[in-house]
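For reference, the structure is listed below as structure tokens.
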Amino acid sequence: MMIQKVARLIQLSIIFLLLIGSGVLWLNSPYFSKEKALIDSEAMIRDLLEQASSTAAVSLNFNNDQNLNWLVQHLVESDYIVSTSVFSHNGSQVAFAYNSKIILNTPDINKVEQLIKDYSPFIKVLYRQNMNIGYIRIRLDKQKLMVLTQNKSLSRTQYYQILMIIICVIILALVELLRMPKSWFKKELQLKS
């Protein structure tokens, strides 16, 4: 009888701890979502710079202005990239494009450059056979990038919250299952007496 009470107490405490753990995860999931979005956006920036720099390095090495122009135009089609510039080793600008959705079409290039300076630049040096052949500068709208990655993280968070609800339902079903044999045995004992 004492062993049953101790076993029952252990079962209930485990279930109680699982319910508390699920609740804590539920409440902290928005915090984890924001932290995950920040990590994801930093990883996206690193990957973008790495891929763009390798493409730009090859094109710059072979003086292929057509490929460089295609690259910078293609990059600014993204919602969060404001501008892309490729410079040669002596600092002269070889290719440039800006996102007309973010910076409204302005014929004055000086005004465009002033507007673009408000955005964070990310620079990667271009190397070819261990020689510095130039650099690429990508200016990003970090707020738009964060919103994009946060939306992805939010959908992931909602998935986890649904998963936690399912876990809670399973825990409650286990509680009922654990309760059931005890009452069933009591009925059996009463019938025999």
Side-chain angles (χ1 to χ4, degrees), residues 25-164:
L25 284 174
W26 177 280
L27 293 173
N28 287 328
S29 58
Y31 169 75
F32 294 133
S33 172
K34 288 178 184 175
E35 192 174 293
K36 179 79 171 122
L38 181 63
I39 292 168
D40 287 351
S41 63
E42 288 172 357
M44 281 178 66
I45 292 169
R46 272 194 314 274
D47 291 345
L48 173 74
L49 275 174
E50 193 61 42
Q51 292 171 2
S53 67
S54 63
T55 304
V58 171
S59 298
L60 194 59
N61 189 44
F62 292 113
N63 293 324
N64 191 336
D65 292 340
Q66 186 178 2
N67 276 0
L68 284 173
N69 287 323
W70 175 86
L71 173 67
V72 295
Q73 289 294 330
H74 183 70
L75 286 171
V76 296
E77 288 175 5
S78 179
D79 289 337
Y80 56 89
I81 296 178
V82 178
S83 72
T84 305
S85 305
V86 177
F87 297 88
S88 66
H89 68 282
N90 62 8
S92 61
Q93 188 170 308
V94 179
F96 171 75
Y98 67 94
N99 190 331
S100 59
K101 294 178 213 163
I102 298 172
I103 306 295
L104 300 176
N105 282 327
T106 308
D108 185 11
I109 195 70
N110 293 327
K111 191 172 184 179
V112 169
E113 287 176 358
Q114 287 299 319
L115 293 170
I116 288 173
K117 285 184 180 178
D118 293 338
Y119 295 94
S120 304
F122 294 89
I123 298 171
K124 177 96 174 161
V125 177
L126 306 176
Y127 291 103
R128 201 73 187 151
Q129 298 170 344
N130 294 329
M131 256 180 57
N132 178 350
I133 60 171
Y135 65 95
I136 186 168
R137 180 178 62 205
I138 300 174
R139 290 186 183 271
L140 302 173
D141 186 342
K142 286 183 87 174
Q143 287 180 323
K144 280 191 178 181
L145 181 61
M146 280 296 291
V147 167
L148 176 77
T149 53
Q150 244 178 344
N151 287 343
K152 286 181 181 178
S153 291
L154 231 120
S155 64
R156 224 177 291 132
T157 300
Q158 290 169 343
Y159 167 76
Y160 288 127
Q161 287 177 339
I162 290 170
L163 194 63
M164 283 187 275

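These numbers were taken from a predicted model, which means no experiment stands behind them. Starting from 1, each residue takes its place in the sequence as its number.
Here the CG-CZ distance, from L48 to R46, works out to 12.0 Å after rounding to the nearest 0.5 Å. Interatomic distance, CG of L140 versus OG1 of T84, reported as 8.0 Å (0.5 Å rounding). Distance CG/L60 to OG1/T55: 12.0 Å, rounded to 0.5 Å. Separation of atoms CE (M44) and CG (D47) is listed at 8.5 Å; rounding is to 0.5 Å. Atom CD of Q143 is separated from atom OG of S120 by 9.5 Å, given to the nearest 0.5 angstrom.
Scanning for side chain to side chain contact (heavy atoms under 4.5 Å, CB included) contacts around S88 gives N90, S92, V94, with sequence neighbours left out. With sequence neighbours left out, Q93 forms a side chain to side chain contact (heavy atoms under 4.5 Å, CB included) with S85, F87, F96. Qualifying ring-ring contact (aromatic ring centres under 6.0 Å, His included) partners for F122, counting only residues two or more places apart in sequence or in other chains: none.
Shown here is K142, whose NZ atom has no more than 12 heavy atoms of other residues, nucleotides or ligands within 6.0 Å.
Identified under the salt bridge (Lys or Arg N to Asp or Glu O under 4.0 Å) test for residues 83-93, with sequence neighbours left out: none. Within the structure, no pair that satisfies the salt bridge (Lys or Arg N to Asp or Glu O under 4.0 Å) test touches residues 131-141, not counting sequence neighbours. Residue pairs meeting the salt bridge (Lys or Arg N to Asp or Glu O under 4.0 Å) criterion with at least one member in residues 67-85, sequence neighbours excluded, are D79-K101.
No donor-acceptor distance shorter than 3.5 angstrom exists from the side chain of S78 to the backbone of L75, with no hydrogens or angles considered. Not a single donor-acceptor pair under 3.5 Å links the side chain of S59 to the backbone N or O of A56.
Contact check for S53 versus I136: side-chain heavy atoms found under the 4.5 Å cut-off.
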Could you go through residues 61-74 and list every donor-acceptor pair under 3.5 Å that involves a side-chain atom there, pairing it with any protein atom two or more places apart or in another chain?
from	atom 1	to	atom 2	distance (Å)
N64	OD1	Q66	N	3.3
N64	OD1	N67	N	3.1
N69	ND2	D65	O	3.2

When the side chains of residues 124-135 are checked against the rest of the protein, which donor-acceptor pairs come out under 3.5 Å, sequence neighbours left out?
from	atom 1	to	atom 2	distance (Å)
K124	NZ	E50	OE1	3.1
N132	OD1	G134	N	2.9

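Of all the heavy atoms in I81 and I138, the pair that sits closest is CG2-CG2, 3.9 Å.
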